[in-house]
Amino acid sequence: MNLRDIIVRKMDLQPWTEGEKIPWNEPDFSRRMLKEHLTQQHDAASRRTVRIKKHIEWIDRVILAGSPSQILDLGCGPGLYAARLAARGHSCRGIDFSPASIEYAVKHAPENCSYTFGDVRATEFGSGYDLVMFIFGELNVFKPADIRLILQKACAALKPGGKILLEIHLPEVVEQMGNQPSTWYSAESGLFSAAPHLCLMETFWDEANTIATERFFIIDAASGEVTRYAASTQAYNQAQITSMLRETGYGEIAFSHTLTGQPASEADEFFVVSASRPLETA
Ligand SMILES: C[S@@+](CC[C@H](N)C(=O)[O-])C[C@H]1O[C@@H](n2cnc3c(N)ncnc32)[C@H](O)[C@@H]1O
């Protein structure tokens with residue numbers, strides 16, 4: 001793409017049509033993103049260790065009632081949750097399609113912890129889990145049909161009575177995301193490119209379907225070449241999540257403000273839902 005393509009870009013951008021999400025699975029991007037997962041400067045790609053430890057304590061004590069469990073972590077990133085849960089005596093498997101994250105996770109895996117590099121839509125989940133988790137709002141970034149597929153696969157992978165644990169973007173946070181003013185920055189090197197570049201960002205809000213779409217144009221300073229990325233995030237309220245979970249086979253749906261069980265603070269961007277695969281009836 002070139003600068004002219006920016007000038008003639010679509011202004012009625014339809015969700016998911018120019019890209020589904022930021023390129024987590026591109027090898028170079030994933031190496032740069034790994035640094036963002038591991039930094040203790042912010043909570044953007046993964047939470048800082050101090051918060052993750054509180055989440056692990058709550059998941060272990062409240063969701064798993066402290067009993068040794070088989071856990072599947074979808075979109076596990078560099079394994080910051082799976083490794084800590086395994087260190088507490090659980091058996092964990094993580095799935096992610098970021099090559100650098102999976103490489104890091106495998107390198108730092110304790111016993112009872114394994115990882116699969118793959119897209120959660122296409123990768124076999126296996127079976128017999130007590131818990132399947134998909135946290136940090138990543139579920140909102142999938143198209144509704146993909147969400148249903150992931151929820152159905154997760155339900156089939158759980159033991160009867162096993163739980164799914166999801167962290168979903170607060171609807172008002174998604175709406176804010178879709179109504180941000182256009183902005184731009186310049187960088188010698190950054191997440192989208194290791195070389196000097198400009199990043200132009202704009203967002204679109206689809207009010208009818210409550211979907212925020214973010215579009216990024218990365219302009220290489222040396223060549224002027226333009227690369228475009230886009231990501232769409234759909235807002236769901238508790239009632240919509242409840243019906244999606246019921247339709248995909250779950251019962252005992254329960255909401256919580258945060259992954260620590262504590263009330264949400266102003267900075268919190270997610271709500272938490274757990275649900276169970278029903279026990280088989282004779
Ligand atoms: C916001 S990060 C959260 C990582 C991790 N759960 C954590 O909290 O530290 C989202 C993760 O989902 C992964 N992801 C996104 N879409 C995916 C897909 N279709 N298949 C597998 N992994 C995916 C990304 O590569 C990334 O590691």
Side-chain angles (χ1 to χ4, degrees), residues 1-26 28-30 32-33 35-37 39 41-48 51 75 135-144 147 167-238 240-241 257-258 264-271:
M1 293 182 78
N2 57 35
L3 294 176
R4 175 88 200 147
D5 295 314
I6 299 180
I7 292 163
V8 298
R9 71 196 184 283
K10 275 199 173 133
M11 292 310 289
D12 60 341
L13 180 55
Q14 295 304 303
W16 291 292
T17 53
E18 289 188 359
E20 297 197 357
K21 48 180 69 183
I22 55 170
W24 298 99
N25 51 341
E26 281 182 9
D28 288 343
F29 182 91
S30 82
R32 295 190 294 270
M33 182 58 96
K35 289 193 188 130
E36 304 303 322
H37 282 290
T39 180
Q41 304 297 312
H42 61 70
D43 290 324
S46 287
R47 272 63 166 252
R48 280 168 270 205
R51 288 187 77 191
I135 59 167
F136 219 9
E138 194 57 31
L139 202 66
N140 296 75
V141 190
F142 288 86
K143 293 176 186 169
I147 297 183
E167 221 182 350
I168 306 291
H169 281 277
L170 287 166
E172 58 271 28
V173 170
V174 180
E175 185 167 350
Q176 273 166 24
M177 202 187 279
N179 285 305
Q180 280 172 71
S182 302
T183 183
W184 66 279
Y185 64 81
S186 63
E188 289 291 341
S189 158
L191 184 59
F192 284 102
S193 169
H197 63 280
L198 296 180
C199 172
L200 315 188
M201 295 179 283
E202 60 186 351
T203 60
F204 299 83
W205 175 241
D206 173 345
E207 175 70 32
N209 300 301
T210 63
I211 306 172
T213 298
E214 297 169 283
R215 181 198 257 157
F216 307 87
F217 288 109
I218 311 303
I219 307 169
D220 183 74
S223 64
E225 195 181 313
V226 175
T227 308
R228 184 185 68 197
Y229 298 104
S232 296
T233 305
Q234 185 152 12
Y236 296 99
N237 59 31
Q238 290 195 0
Q240 290 166 317
I241 292 290
H257 290 295
T258 62
S265 73
E266 286 216 345
D268 277 309
E269 296 182 6
F270 308 97
F271 64 92

Which residues pass the side-chain hydrogen bond (donor to acceptor under 3.5 Å, both in side chains) test with [X], not counting sequence neighbours?
X: Lys143; result: Glu20
X: Ser265; result: Asp268
X: Tyr229; result: none
X: Glu207; result: Trp205

query: Can you find a side-chain donor-acceptor pair between Glu188 and His197 that sits under 3.5 Å?
result: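 Distance-only check fails for Glu188 and His197.
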
Given side chains that start at C-beta, do those of [X] and [Y] come closer than 4.5 Å, heavy atoms only?
X: Thr17; Y: Leu13; answer: yes
X: Arg9; Y: Arg228; answer: no
X: Tyr185; Y: Thr183; answer: no

inquiry  = If I take atom OG1 from residue Thr233 and atom NE2 from residue His169, how far apart are they, to the nearest 0.5 angstrom?
reply    =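 Here the interatomic distance stands at 5.5 Å.
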
Exercise. Apply salt bridge (charged side-chain N to carboxylate O under 4.0 Å, His left out) to Lys35 and list each qualifying residue two or more places apart in sequence or on a separate chain.
Key: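 Partners of Lys35 under the salt bridge (charged side-chain N to carboxylate O under 4.0 Å, His left out) test: none.
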
Looking at every heavy atom in both Phe136 and Asp43, which two are closest together, and how far apart are they?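 Scanning both residues, the minimum pair turns out to be CZ-O, 3.1 Å.
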
Geometric class of the Phe192/Phe29 ring pair [parallel <30°, tilted 30-60°, perpendicular >60°]:
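Taking Phe192 first and then Phe29, their aromatic rings sit tilted (interplane angle of 30° to 60°).
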
Atom pairs and distances, donor-acceptor, side-chain atoms in residues 209-222, under 3.5 Å, two or more places apart:
{"from": "Asn209", "atom 1": "ND2", "to": "Asp206", "atom 2": "OD1", "distance (Å)": "3.4"}
{"from": "Asn209", "atom 1": "ND2", "to": "Asp206", "atom 2": "OD2", "distance (Å)": "3.0"}
{"from": "Thr210", "atom 1": "OG1", "to": "Ala235", "atom 2": "O", "distance (Å)": "3.2"}
{"from": "Thr213", "atom 1": "OG1", "to": "Ser232", "atom 2": "OG", "distance (Å)": "2.8"}
{"from": "Arg215", "atom 1": "NE", "to": "Glu18", "atom 2": "OE1", "distance (Å)": "3.0"}
{"from": "Arg215", "atom 1": "NH1", "to": "Lys10", "atom 2": "O", "distance (Å)": "3.1"}
{"from": "Arg215", "atom 1": "NH1", "to": "Glu202", "atom 2": "OE2", "distance (Å)": "2.6"}
{"from": "Arg215", "atom 1": "NH2", "to": "Lys10", "atom 2": "O", "distance (Å)": "2.8"}
{"from": "Arg215", "atom 1": "NH2", "to": "Glu18", "atom 2": "OE1", "distance (Å)": "3.3"}
{"from": "Arg215", "atom 1": "NH2", "to": "Glu18", "atom 2": "OE2", "distance (Å)": "3.1"}
{"from": "Asp220", "atom 1": "OD2", "to": "Ala222", "atom 2": "N", "distance (Å)": "3.2"}
{"from": "Asp220", "atom 1": "OD2", "to": "Ser223", "atom 2": "N", "distance (Å)": "2.9"}
{"from": "Asp220", "atom 1": "OD2", "to": "Ser223", "atom 2": "OG", "distance (Å)": "2.9"}

